[in-house]
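One structure is given below, encoded as structure tokens.
Quantities reported herein were computed from a predicted structural model and do not represent experimental measurements. Letters go in sequence order (proteins before strands), and every chain restarts at 1.
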Number of protein chains: 2
Amino acid sequence: MSARATTRPGGRSARVQQSVHQAVRDLEAEVGRDALTVPLIAARAGVTPSTVYRRWGDLRELLSDVAVERLRPDGAPTDHGSLRADLEAWAVQFAEEMSSTAGRTYIRDALLGDPEHGNAVRCSDYAAEQLKAIGVRAAGRGEAVPDVESLLDAVVAPLMYRILFRPSDLTAAYTDRLVATALGRSSTPFA
Amino acid sequence: MSARATTRPGGRSARVQQSVHQAVRDLEAEVGRDALTVPLIAARAGVTPSTVYRRWGDLRELLSDVAVERLRPDGAPTDHGSLRADLEAWAVQFAEEMSSTAGRTYIRDALLGDPEHGNAVRCSDYAAEQLKAIGVRAAGRGEAVPDVESLLDAVVAPLMYRILFRPSDLTAAYTDRLVATALGRSSTPFA
DNA sequence: AGCTTAATGCGAAGAAAATGCGTCTGGGCC
DNA sequence: GGCCCAGACGCATTTTCTTCGCATTAAGCT
């Protein structure tokens with residue numbers, strides 16, 4: 001039924017899922033995203049198309065799953081010694097990754113999946129986790145930390161809005177200004 | 001080539017475009033958006049599928065065009081006597097329209113079109129125009145007005161981010177808080 | 001080990017996507 | 001006003017995708 005909530009996590013089902021995901025990534029690099037089709041992916045993965053249709057429903061859901069995995073952060077945000085420096089560095093990196101052609105494609109694919117499936121909210125959760133980690137670290141230094149929701153509103157949302165709706169203007173100066181705005185207001189001790 | 005930049009605005013081409021758009025709207029209401037196909041739409045519009053493929057390229061572009069038209073604001077924002085009241089009313093209405101199931105579908109469809117086609121940026125322009133109108137009116141009253149970019153960052157972007165990535169929590173209290181935040185800072189005399 | 005259940009493979013049928021070619025409409029020009 | 005050309009359209013065809021039923025295989029459990 002669901003690709004992620006596989007009732008049988010081990011064994012063949014897991015191998016099939018991994019194989020199909022890998023096939024998507026490989027073919028995406030080889031023939032381009034727009035040339036992807038279910039039969040093509042299935043052939044590369046060594047499964048039959050009907051298996052893909054059964055497990056993911058359609059190509060969109062499959063691409064949505066793969067895109068979300070690609071958007072998962074690699075590790076904890078790097079430590080730059082202060083809340084502001086950490087946020088600026090993270091925001092700049094976030095903007096760069098997401099505004100690239102590949103990044104925007106992943107975001108759009110992730111958004112395309114069934115909303116009930118939760119792929120979109122997962123993207124937001126990734127950013128929230130990173131911001132939370134930065135906040136916890138800053139709180140450990142004794143700094144006042146704005147809560148995650150405020151940071152999502154003040155930093156992540158404007159970046160994402162421009163990436164999705166106005167694909168052009170995104171400079172480091174702009175992200176720094178967003179961080180400055182976020183830090184200039186609404187700083188609760190810790191959340 | 002492009003559906004909107006039709007080289008022949010008058011005559012049959014215009015009728016075809018109108019007929020196809022109307023067919024999309026009708027069928028969307030009748031059979032649901034996910035059941036739409038090019039042959040189905042073409043049959044309803046009284047044209048052949050190849051015409052649709054030639055003019056729009058694929059179903060996504062067509063749906064993107066129709067979605068953008070549906071997202072076009074009806075008229076000027078209503079006047080509530082003050083900048084804050086105007087913004088709050090507009091933001092609440094914006095949030096309600098966009099967060100509905102239909103609204104979210106239109107946004108996603110609009111985002112899906114070819115970025116070069118400019119459907120996404122058109123959505124942003126619609127919001128910017130409305131905000132600009134509110135700002136001009138407020139400036140006429142002598143109020144200090146934040147520039148449109150700030151309002152996009154502080155109000156529109158957070159709303160859109162939540163609509164797209166966290167489809168659940170959107171209250172009037174939240175939109176009011178966004179407006180309050182936007183008005184509390186960065187108020188240039190006029191732009 | 002044997003049993004139950006679920007997931008996969010396979011093949012066929014139905015539907016949709018995409019393309020090539022001939023025709024016709026519409027707008028510009030004489 | 002009539003002619004001409006570029007572009008748009010309809011039709012037919014081919015290719016590809018999608019769905020479905022049934023047989024088979026593998027995983028999980030006792």
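- In this entry the distance linking CZ of A:Arg15 with P of C:dG9 reads 11 Å, nearest Å.
- Of the residues near DNA chain D, A:Val38 and B:Gly46, the one whose nearest nucleotide (by heavy atom distance) lies more toward the 5' end is B:Gly46.
- Nearest to the side chain of B:Arg55, among C:dT8, D:dC17, D:dC9, sits D:dC9.
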### Task
Give the intermediate values and the outcome of salt bridge (Lys or Arg N to Asp or Glu O under 4.0 Å) for residues A:Asp109 and A:Arg60.
CA-CA 7 Å; A:Asp109 283 341; A:Arg60 289 196 329 199; over 6 Å; no

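- Note: the hydrophobic cluster containing B:Leu112 does not contain B:Leu63 (ILVMFWY, side chain heavy atoms under 4.5 Å, direct or indirect links).
- For the residue pair A:Tyr174/A:Arg162, the side-chain donor-acceptor check at 3.5 Å is satisfied.
- For the pair B:Ile41 CD1 and C:dA16 C1', the computed distance is 12 Å after rounding to whole Å.
- Annotation: side chain of A:Leu151 is not in contact with side chain of A:Val156 (no heavy-atom distance under 4.5 Å).
- For the pair A:Leu59 CG and C:dA17 C1', the computed distance is 14 Å after rounding to whole Å.
- The side chain of B:Val47 lies closest to D:dG10 when the candidates are C:dT19, D:dG10, C:dT8.
- Atom CZ of B:Arg60 is separated from atom P of C:dA17 by 13 Å (rounded to the nearest Å).
- Remark: B:Thr51 is not in phosphate contact with D:dA8, judged by side-chain N or O atoms under 4.0 Å from OP1 or OP2.
- Salt-bridge annotation for B:Arg122 and B:Glu129: absent, with no side-chain N of the basic residue lying under 4.0 Å from a carboxylate O of the acidic one.
- In the interface, the side chain of B:Ser50 is not paired with the base of D:dC9 through any donor and acceptor atom under 3.5 Å apart.
- In this structure, CG of B:Asp34 is placed 12 Å from P of D:dT19, rounded to the nearest angstrom.
- Look at A:Arg54 and you won't find any side-chain N or O under 4.0 angstrom from OP1 or OP2 of C:dA7.
- Protein atom CZ of A:Arg12 is 6 Å distant from nucleotide atom C1' of C:dA7, rounded to whole Å.
- Remark: P of C:dG26 and CD of B:Gln17 are 16 Å apart, rounded to the nearest angstrom.
- The separation between B:Asp58 atom CG and C:dT19 atom P is 11 Å, rounded to whole Å.
- Residue B:Thr48 is classed as a base contact, given a heavy-atom separation below 4.0 Å to a base.
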